[in-house]
Amino acid sequence: MADVAVQLPDGTVQTHAATTTSMDIATAISPGLARNVIAAELGGRIVDASRPLGEVAGGDGSGGGGAADGPLPLKLLTSRDASALDVLRHSAAHVMARAVMRLYQGVSLAFGPTTSGGFYYDFDLPEKISEDDFPKIEAEMAKIIKEKEPFERFSLDRDEALKLCQEMGQDLKVEHIQTGLGDQASVSFYRQGEFVDLCRGPHIPDAGRIKAIKLLSVAGAYWKGDASGRQLQRLYGTAFFDKKDLAAYLEQLEEARRRDHRVLGKKHGLFAINQEVGPGLPLWLPKGARVRVMLEDFLRGELLRRGYDPVYSPHLGRVELYETSGHFPYYRDSQFPPLFGSEAGGLLDAWSRRLEEGTLDRDGEDKLMAAAEVLGVSLPDYKPSASAEDRRAVLHQWQTVHERYLVKPMNCPHHCQIFAAQPRSYRQLPLRLFEFGTVYRHEQTGELNGMLRVRGLTQDDAHIFCTDDQVEHEFRATIELTKFVLESVGFDDYRVQLSLRDPKSDKYVGSPENWNRAEGALRGVLEDSGLQYNEQPGEAAFYGPKADFMVRDCIGRSWQLGTVQLDYNLPDRFKLEYTGADNRGHRPVMIHRAPFGSLERFTGMLIEHFAGAFPLWLAPEQVRVLPLSEKTTEYALATAQQFEAAGLRVSTDLRNSKVQAKIRDAQLELVPYMVVVGPKEAEAGQVALRDRIDGDLGSMPTAEAIARLEQEVRERRVRQVVKSSFTQAEDAAGEKHEY
RNA sequence: GCUGCUGUAGCUCAGCUGGUAGAGCACAUCCUUGGUAAGGAUGAGGUCAUGGGUUCGAGUCCCAUCAGCAGCUCCA
């Protein structure tokens with residue numbers, strides 16, 4: 001094989017035999033470097049330091065470039081390179097799997113990739129691993145690491161690979177080679193001592209490079225993400241080059257827990273979710289409600305300024321409304337069940353569903369018919385011999401004349417009816433209808449998460465009805481509005497996800513032409529907006545594509561806040577029309593949009609974003625007046641009244657304790673400003689202002705203090721954001737280790 | 001919904017191999033009347049998530065239910 005030319009970061013070009021490895025090159029430079037090399041970045045690919053250059057340069061077909069294009073850029077990765085940490089963690093996952101296999105019988109390996117904070121490995125094994133077993137597994141891992149055995153790569157063609165995995169009893173790997181890797185001619189394995197694993201790599205030179213390791217948690221996971229498939233046990237862990245880094249990471253986790261909105265929400269009395277009311281049904285306590293009112297007022301003002309019309313719609317709607325929109329059949333299982341106006345309603349509903357699923361036998365059907373009769377329902381047209389479809393039609397006929405209501409899971413059908421309630425002319429468009437609409441969705445129990453995922457939520461919902469020609473302008477305006485809203489509260493770290501349909505799926509309504517139009521329009525405006533966005537096929541709503549604004553929580557998980565959705569389909573389903581300039585009927589286009597998303601999630605994210613310390617304009621309590629002693633109680637009350645008259649949210653701390661203690665409490669409760677008043681201030685008509693962030697600001701006339709605060713509110717100034725350590729975490733893993 | 005873990009005072013938690021509940025903070029009352037992050041004393045507060053079971057005896061052991069947490073799956 002031909003020699004390979006490589007170019008080092010300093011520009012030097014070296015030519016080596018094809019069998020030379022990156023490690024050889026490192027050794028030639030200095031033994032110290034060789035000791036620190038973790039892996040190599042060769043021609044843009046991260047590979048084992050022990051891989052011969054020739055293999056990477058052109059050998060296995062998957063490499064980029066090739067020697068013909070000139071020297072391959074070569075970077076020797078050490079613990080200082082971010083991508084080296086990923087390699088280390090992937091190797092740590094192997095070490096963990098090896099330890100687990102030593103300790104447990106019948107372990108079937110699934111996948112073991114890295115994540116932004118560490119790694120995991122999925123196992124299928126008969127025994128349950130619990131956190132109590134972690135010390136034992138960690139000890140075994142420590143033993144493996146101490147032996148410093150190398151990671152050795154080898155390739156096999158498919159048949160050999162299958163045979164090897166079969167011999168090892170690794171049935172999940174066998175399945176993966178047959179299905180997931182069906183198009184690969186050969187696959188690679190890594191051996192470390194007795195442990196051999198199908199794996200793409202790359203890996204660290206030897207296990208001794210792992211200096212700090214910790215198992216974090218164990219949880220269930222599904223084989224290849226399929227909820228109907230096998231459930232595996234997933235062990236999470238993390239690894240670092242340095243024990244100090246591990247300690248810092250654990251401290252980060254601890255800090256994240258402290259700023260968790262559920263912890264802060266309880267501590268600061270913002271909201272409560274209790275068992276009596278029900279899971280996922282938050283109660284907004286006065287302080288949390290204060291924040292929400294400020295957000296609502298802020299947005300309402302913006303919307304009125306931007307040509308929106310406020311509307312209100314009821315919390316219930318007839319089921320037929322949602323049958324028309326398509327929501328009822330499509331989201332049946334994640335809605336609260338319908339409310340029936342007749343007691344037989346539930347019976348016929350269950351009956352109809354069984355017919356639909358094909359799970360109703362003759363005996364069951366007879367019983368249902370008898371039960372219906374008992375309840376006084378007469379169905380003369382129902383013929384057990386008819387097709388399931390015809391039988392359902394008879395039931396449905398009965399249902400439509402008897403009342404069935406749905407607690408509304410969406411506002412759009414109601415808004416469509418508001419559009420349809422009056423004749424519309426093209427002169428009225430765009431028509432922008434907005435409402436803080438409360439909706440209820442029966443989210444799966446395992447999904448509920450504080451305020452971030454709830455069953456009762458209020459959307460800052462609006463629907464824009466416009467002409468085809470207006471779509472682009474309106475869409476652009478909503479994107480701008482969403483940006484403006486996010487930035488007004490200080491969210492500056494978000495990304496936009498353009499969710500498109502999956503062309504292979506049949507879950508979507510509407511014609512392909514409509515979809516192409518909608519997706520094209522969204523993409524075009526996002527392109528022009530200069531926002532960073534990524535496309536996610538298969539993530540669209542069933543009626544249209546959407547642009548979601550994703551914001552990260554304090555431990556790096558992404559949540560959808562703002563959303564803008566383009567919809568050519570609901571207007572069709574509701575047969576909406578406006579009269580055009582040509583005096584003919586035309587179908588409007590609909591844009592769904594919600595800059596906050598939901599008030600619940602938005603507020604939850606804000607709590608984490610500010611770690612509970614809201615900027616002045618949002619703070620539930622803006623000022624607390626602290627009299628030095630009971631001697632100045634009256635002056636304190638009078639002062640508080642002055643602040644209140646200026647529209648500031650103020651309280652007084654008249655407790656019989658020292659001012660130091662009152663200050664401490666106000667600081668801990670994150671009140672932005674404190675006003676200390678004693679005899680001196682009372683005499684001079686002044687206040688001693690104390691800033692939560694900067695401390696004592698000295699005495700000043702009361703009016704001056706008020707003016708200062710008023711201005712800060714007016715500017716909606718965000719003075720301090722406690723940065724989360726997890727802001728850059730996501731997607732750091734980049735390339736996935738698929739096997 | 002699935003797997004695993006958890007459920008003791010308003011909050012954070014202790015309670016050994018079963019013998020009938022405890023701390024700190026918060027709260028209330030009193031003393032103290034203070035100058036920018038904790039003054040002191042006293043007191044009130046718990047059917048140990050709920051329902052069964054084992055036992056002479058259950059906060060502690062077993063089962064079920066409910067709720068919470070982590071992850072998976074889902075998300076209009």
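Chain identifiers are assigned alphabetically (A, B, ...) following the order of the sequence lines, protein sequences preceding nucleic acid strands; residue numbering begins at 1 within each chain.
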Centroid separation Trp515(A) to Tyr568(A) less than 6.0 Å:
no
Between Phe419(A) and His463(A), is the ring centre distance below 6.0 Å?
no
So if I take every side-chain heavy atom of [X] and compare against [options], which nucleotide ends up nearest?
X	options	answer
His327(A)	C66(B), G35(B), A76(B)	A76(B)
Glu630(A)	G71(B), U33(B), C75(B)	U33(B)
Ser217(A)	A37(B), A76(B), A70(B)	A70(B)
Met410(A)	G34(B), G71(B), A76(B)	A76(B)
Pro679(A)	G35(B), A37(B), C72(B)	G35(B)
Lys266(A)	A76(B), C11(B), C66(B)	C11(B)

Taking any heavy-atom pair under 4.0 Å as a contact, classify [X]: base, sugar-phosphate, or nothing.
X	answer
Arg262(A)	sugar-phosphate
Lys680(A)	base
Tyr236(A)	sugar-phosphate
Arg690(A)	base
Pro279(A)	sugar-phosphate
Glu681(A)	base
Ser334(A)	base
Tyr543(A)	sugar-phosphate
Lys128(A)	sugar-phosphate
Gly225(A)	sugar-phosphate
Ala688(A)	base
Gln565(A)	sugar-phosphate
Glu539(A)	nothing
Pro627(A)	nothing

SB check [X] [Y] (cutoff 4.0 Å):
X	Y	answer
Lys224(A)	Asp226(A)	no
Glu323(A)	Arg404(A)	yes
Asp665(A)	Arg624(A)	no
Glu255(A)	Arg259(A)	yes

Searching all strands shown, indicate the nucleotide that pairs with [N] (Watson-Crick or G-U wobble; both distances under 3.5 Å).
N	answer
C25(B)	G10(B)
G59(B)	none
G68(B)	C5(B)
U54(B)	none
G35(B)	none

Roughly, in whole Å, what's the span from [atom1] in [X] to [atom2] in [N]?
X	N	atom1	atom2	value
Lys224(A)	G71(B)	NZ	C1'	20 Å
Leu448(A)	C66(B)	CG	C1'	14 Å
Asn449(A)	G71(B)	CG	C1'	12 Å
His415(A)	A76(B)	NE2	P	18 Å
Arg455(A)	C74(B)	CZ	C1'	13 Å
Met700(A)	G35(B)	CE	P	21 Å
Leu216(A)	G71(B)	CG	C1'	12 Å

For side-chain contact (heavy atoms from CB on, under 4.5 Å), just list the numbers for Phe465(A) and Leu433(A), CA-CA rounded to whole Å, side-chain angles, deciding distance to a tenth of an Å, and then say yes or no.
CA-CA 8 Å; Phe465(A) 299 87; Leu433(A) 306 177; 3.7 Å; yes
Quick one: the side chain of [X] and the base of [N], do they pair up donor-acceptor inside 3.5 Å?
X	N	answer
Arg441(A)	C75(B)	no
Ser325(A)	A76(B)	no
Arg257(A)	C69(B)	no
Gln233(A)	G71(B)	no
Tyr222(A)	G1(B)	yes

Using the closest heavy atom to pick a nucleotide of RNA chain B for each, name whichever of Leu668(A) or Tyr440(A) lands nearer the 5' end.
Leu668(A)
Earlier contact from the 5' end, RNA chain B, for Gly446(A) and Arg692(A):
Gly446(A)
Taking atom [atom1] in both [N] and [M], what distance in whole Å separates the two?
N	M	atom1	result
A23(B)	G45(B)	C1'	14 Å
C27(B)	A9(B)	C1'	12 Å
U12(B)	A58(B)	P	29 Å
A21(B)	A26(B)	P	26 Å
U3(B)	G22(B)	C1'	35 Å
C63(B)	U54(B)	P	15 Å
G59(B)	A14(B)	C1'	12 Å
C75(B)	A38(B)	C1'	46 Å

Does the Glu681(A) side chain pair with the main chain of Gly678(A), one donor and one acceptor, at a distance under 3.5 Å?
yes
Does the ring of Phe119(A) carry Arg89(A) above it, NZ/CZ under 6.0 angstrom from centre and within 45° of its axis?
no
On the nucleotide [N], are OP1 or OP2 found under 4.0 Å from the side-chain N or O atoms that [X] carries?
X	N	answer
Lys631(A)	G34(B)	yes
Lys546(A)	A76(B)	yes
Thr445(A)	G1(B)	yes

Hey, what do you get for CG (Leu561(A)) to OH (Tyr494(A)), rounding to the nearest 0.5 Å?
11.0 Å
Is the ring of Tyr331(A) stacked on the base of A76(B), with centres less than 5.5 Å apart and planes under 30° off?
yes
